[in-house]
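A quick write-up on the structure given underneath.
Note that the structure is predicted; figures quoted are calculated from it, not measured. Heavy-atom basis, side chains included; hydrogens, waters and symmetry copies ignored. Residue numbers begin at 1 in each chain, while the letters A, B, ... track the order of the sequences.
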Amino acid sequence: MTQPQLEKVYEPQEVEKRWGAFWINQGYQKASPTHSGTPYTIVIPPPNVTGSLHIGHALNNTLQDILIRWRRMQGNNVLWLPGTDHAGIATQNVVERQLLADGQSREHVGREKFIQRVWEWKQQSGDTILGQLRQLGASCDWDHLRFTMDEGLSTAVREVFVRLYEEGLIYRGKRLINWCPRCLTALSDVEVEHESVTGDLYHIRYSLIDEVDTSLIVATTRPETMLGDTAVAVHPEDPRYNHLIGKQVHLPLTSRTIPIIGDSILVDREFGTGAVKITPAHDFNDFEAGERHGLAQLSLFDHSAHLDPTLLNEALVDQRLQKTIAHKPVLEARQLVVDHLKEQERLLNIEDHAMALGKCYRCKTVVEPYLSPQWFVKIQPLADPAIQAVENDTIRIIPEGWKNNYLGWMRNIKDWCISRQIWWGHQIPAWYCQTCNKDSLLQSSHAVGVTVEDHPLPERTKANCFILSDAKPLVSRTAPTACPHCKGSDFYQDPDVLDTWFSSALWPFSTLGWPEQTQDFKTFYPTATLVTGLDILFFWVARMIMMGLKFTGQVPFRDVYIHALVRDAEGQKMSKSKGNVIDPLTKMSQYGTDALRYTLAAMASPGRDIKLAEERIEGYRNFANKIWNAGRFILMHANGPVTMTPVQERTFADRWIYSRLNHLIRSVNASLEDYRFDQATSHLYHFLWHEYCDWYLELIKPTLQADEYPDTPSTRHTLLTTFEILQRLLHPFMPFLTEEIWQVLPHEGTSIMVQAYPQAQAEWDSPQDEEAFELLEQFVTTARTGRSLLDYAPSKPITLYGIAEDPTETNILRQHQAYLAHLSKSTLQIGSQKQWTSAQTLRLAVGGTTVGIMVEGHVDLKKALDRIRKQIQTKQKEATRLQGRLASPDFTAKALPDVIQESKNRLQRLNQELTLLASSDQQLQEMGIA
RNA sequence: GGGCGGAUAGCUCAGUUGGGAGAGCGCUGCCCUUACAAGGCAGAAGUCGCAGGUUCGAUCCCUGUUCCGCCUACCA
């Protein structure tokens, strides 16, 4: 039978397209509750539905695919569930920008039509990233594709919301929340990014009303908020100020007086002047202090963080200032307030101050603390079990270093603000009876959203309902038909939608059919492993654990593998604005998908960011090509008889490679068990290139190239079998290349993807052949070094002699003389040095082996001499160190016996080598070159 | 402010019961040797951040310190 042959260079594009389609057509990645094997489930971290593949996705999904393909080949019933999330704020922003281009806002088109437009946009761009995942080779079960706004998942969201509400774990309340004045919505604490900046610390003087000569100096970074101050706080035990507690100060720039209060929580006596202004409506600490002391909350800003004239008036701000700052954005207002303070000699000084500025994680706008009624999840009761699950290792976080990070965050967790003032998402299942709540539902002309000046809103959409915090909601899985109190049927549904992460938190079970007890849910939940980046540990992982435990009574996954962030070659975070983005798709078409996958896996060392340099991808492209060419070589020699004899009866080279392959199989499997993708790829690389190609293929060439050897048929069998095993071992990392090669190798089955993953076979182990090989390798390398020192071309046949100190080793060398001669391209004689033509021989000693190279013709021996002298130097140094150590009574008395023995052995060997080297030196000088 | 991680060859990184410093890429020299020049062979290259301590012995353990990242935080 004639084997098909391969092209000279591996061309990935065509190959990838072919096998990618083949796998899907054959349905190899499909999971079913009725399949055999232990279930192994991974749910994909859902990318944004309208996004496209970036390098972080490529890493994340490559690692998942490696695990999935590996477990599938091991015989597990594997489900890799793909899907996307609706990315509320981000997606809405995109569509709003599209509208803006037509001079429209979402208020113009109205809620229903707007949502319809977002669905259209999702339809149009939603498949992009899924196609890109397929291109990457991701072997997801596409029949299980889910989207966070699917009907089933939306049912799960309502179910969870209602149950949490009924248990009192969801509540609505007027609180200070993080507000993005550009997105015009509330944000949760984790959606605020903190950036260190140097701000200004303003010192302002407030005078007592009764004692005009006495004043308090307060320090603030936000002077404009002083207009909303409702008290000044000092420490109750601060002798400088505590006698002032209970007195009133005049609030500059207003006609209000505010009290001086004592508060030991808010006030740090050491900081600033020890006196703090309190603005409950604009600062989180002040809000809490205000609650403690029953202070009024005076807001100053509207929803876009501009100074609101009505509110300024209510705060009794001086008329002149009111006119100046009305409708001004915060920063402008700050400067104007400062000007006025200066004018009234109230501003003492301004100093630099390091502080953290909160920004919206979606649009980087500075976030404002904003007082408004919002929905919250009472988190502590959910957090406690989620803390325990990780503490007692029911859930393992890998690498373990992140465990404390998780626990620390969970132990300090605060209630989760889940309402968002946007339209795209799961609308909150809460309704208000218009009759019972007529005083709490205010018609507002103050539409929340972008208004475009030239396009005034139609009357009908202007009427926005503002729901006061005392309104009584009806929370229900379906829209209510009659009010239980007044039997009325006029309802207003809460217009807010839920935080996208609320639905993502249910992902591991909502995607499997929960709340129904489906076969999928019963079979594939809990999932095995979650693979994700650190950036969403709190956003997503923590919340999945809380919700999973709460609603399924089980952990959502056993292992959380946290991978690194991909940075550019300089270690900078990739971003479009910096222009340092590495596009995975470009790299895939340049170097092949397998090369990119291999690079990402190789660089996934735990606990370290990945600095991705293009040369690495190129290096692994070369690796793929190397394997390809090994495949070519093997197929060129595949024609001919093949016999299967017991491995122990095969040639030395065959026994050796089987034994080495066994190590490889063990270490790749062990590395994958430990999520050490870097180690697995490194073992595979080293073995394939530097053992299999460099040595094994070279060792067997004489056997293959001449059919008269009796061993040829069994060596041919070894060659084909080991290479086929290697393809299977490598398949999870390089799925396309291995499928392409495997299909032309002799094999059973239809696709490598569904073959068994290799397992070590104890009978392949052969430590004695491995030891013998090391001796051979040392000998050949030494001979080649000699060849190089004498500047003999690789093609020039040479005459060699060899001997080892140890007679057993000499015997081994003699036994494998033919291999040695072939690999060193020499005629070779193993035996006593007396037989060597000593006068014309360059002798090199390594370990216990001496190699003699016959010197022919006129050669420059200087290189050889330099080399020998350098070796003498380093070995002498080492010997001196060992001697010193052994001479120390402390060492011989206290060190472990085998350490002492080893040192002695090493010293002995060094001394032998030094003797040989000295004699080589002497000899070279005699040969007349010194 | 607190916490975590890192600092090892030119670059990117491995390196655990403390005992002879490794890999990949790059670099140098030779070679188009019939699988592969996206290749082969050989080679150079490192006071393991700094200073102490523990130990017979420290890249490794301890303390301090510098620099760089990240997370977190209500010092106005």
Quick test of your reading of the model: are R909(A) and E913(A) salt-bridged, counting only N-O distances below 4.0 Å? no
Does U28(B) have a Watson-Crick or wobble partner in any strand here, with both distances under 3.5 angstrom, and which is it? A42(B)
Has E400(A) got more than 12 heavy atoms of other residues, nucleotides or ligands less than 6.0 Å from its CD? no
Under a plain distance cut-off of 3.5 Å, with no hydrogens placed, do S788(A) and K863(A) share a side-chain donor-acceptor pair? no
Answer with yes or no after comparing the ring centroid distance for F733(A) and Y620(A) against a 6.0 Å cut-off, counting only values under it. no
Residues D238(A), R240(A): salt bridge by 4.0 Å N-O rule: yes
Donor-acceptor pair, side chain of R787(A) and main chain of S824(A), under 3.5 angstrom: yes
Under a 3.5 Å limit on both distances, the Watson-Crick or wobble mate of C70(B) is G3(B)
Please measure how far the C1' atom in A51(B) lies from the corresponding atom in U47(B), and state the result in whole Å. 14 Å
Whole-Å C1' distance, C60(B) and G19(B): 12 Å
In this structure, how many angstroms lie between the C1' atom of G10(B) and the NZ atom of K611(A), rounded? 14 Å
All N/O contacts under 3.5 Å from nucleotides 55-59 of chain B to the protein, with atom names and distances to one decimal?
residue, atom, partner, partner atom, Å
C56(B), OP1, K894(A), NZ, 2.7

Which one, C41(B), U12(B), G24(B), comes nearest to the side chain of M603(A)? U12(B)
Which value, in whole Å, describes the distance between the P atoms of nucleotides G5(B) and U16(B)? 16 Å
May I ask you to evaluate whether R787(A) reaches the phosphate of A42(B), defined as a side-chain N or O under 4.0 Å from OP1 or OP2? no
Got a salt bridge between K414(A) and D189(A), using NZ or NE/NH1/NH2 to carboxylate O under 4.0 Å? no
Are R175(A) and E291(A) within salt-bridge range, i.e. N to O under 4.0 Å? no
With respect to the phosphate group of A45(B), does any side-chain polar atom (N or O) of K870(A) fall under 4.0 Å of OP1 or OP2? yes
P gap between A38(B) and U33(B), integer Å: 14 Å
More than 12 heavy atoms of other groups within 6.0 Å of W540(A) CH2: yes
Counter-base of U47(B), judged by Watson-Crick or G-U geometry with both distances under 3.5 Å: none
Is the number of heavy atoms from other residues, nucleotides or ligands within 6.0 Å of NZ (K904(A)) greater than 12? no
With sugar-phosphate meaning primed atoms plus P, OP1 and OP2, does T781(A) contact a base, only sugar-phosphate, or nothing at under 4.0 Å between heavy atoms? sugar-phosphate
In whole angstroms, the gap separating P of A42(B) from CD1 of I798(A) amounts to 12 Å
Using atom P of each nucleotide, how far apart are G1(B) and C61(B) to the nearest Å? 27 Å
Does the protein touch nucleotides 30-39 of chain B at the base, only the backbone, or not at all? Give it as B, S and - per nucleotide, heavy atoms under 4.0 Å. ---B-BBSBS
Pick the C1' atom in C74(B) and in G53(B), then give their distance to the nearest Å. 40 Å
Output yes when K875(A) and E878(A) qualify as a salt bridge under the 4.0 Å nitrogen-oxygen rule, no when they do not. no
For C27(B) and U72(B), measure between their P atoms and round to the nearest Å. 41 Å
So, K870(A) and D866(A), do they make that salt bridge, N to O below 4.0 Å? no
Shorter than 3.5 Å, N or O on both sides, protein versus nucleotides 70-76 of chain B: list them out with atom names.
residue, atom, partner, partner atom, Å
C74(B), O4', N285(A), OD1, 3.0
C74(B), O4', N285(A), ND2, 3.1
C74(B), O2', N285(A), ND2, 2.7
C74(B), N1, N285(A), OD1, 2.9
C75(B), O2, D268(A), OD2, 2.3
A76(B), OP2, H353(A), NE2, 2.6
A76(B), O5', H353(A), NE2, 3.3
A76(B), O2', A219(A), O, 3.0
A76(B), N6, D268(A), O, 3.0
A76(B), N6, F271(A), O, 2.6
A76(B), N1, D268(A), N, 3.1

What class does the angle between the rings of W689(A) and F623(A) fall in, given that below 30° is parallel, 30 to 60° is tilted and above 60° is perpendicular? parallel
Re G19(B): Watson-Crick or G-U wobble partner, both distances kept under 3.5 Å, found to be C56(B)
Give me the distance, rounded to whole Å, that separates U63(B) from G3(B) when you measure between the P atoms they each carry. 13 Å
In the structure shown, which nucleotide is the Watson-Crick or G-U wobble counterpart of U34(B), with both distances under 3.5 Å? none
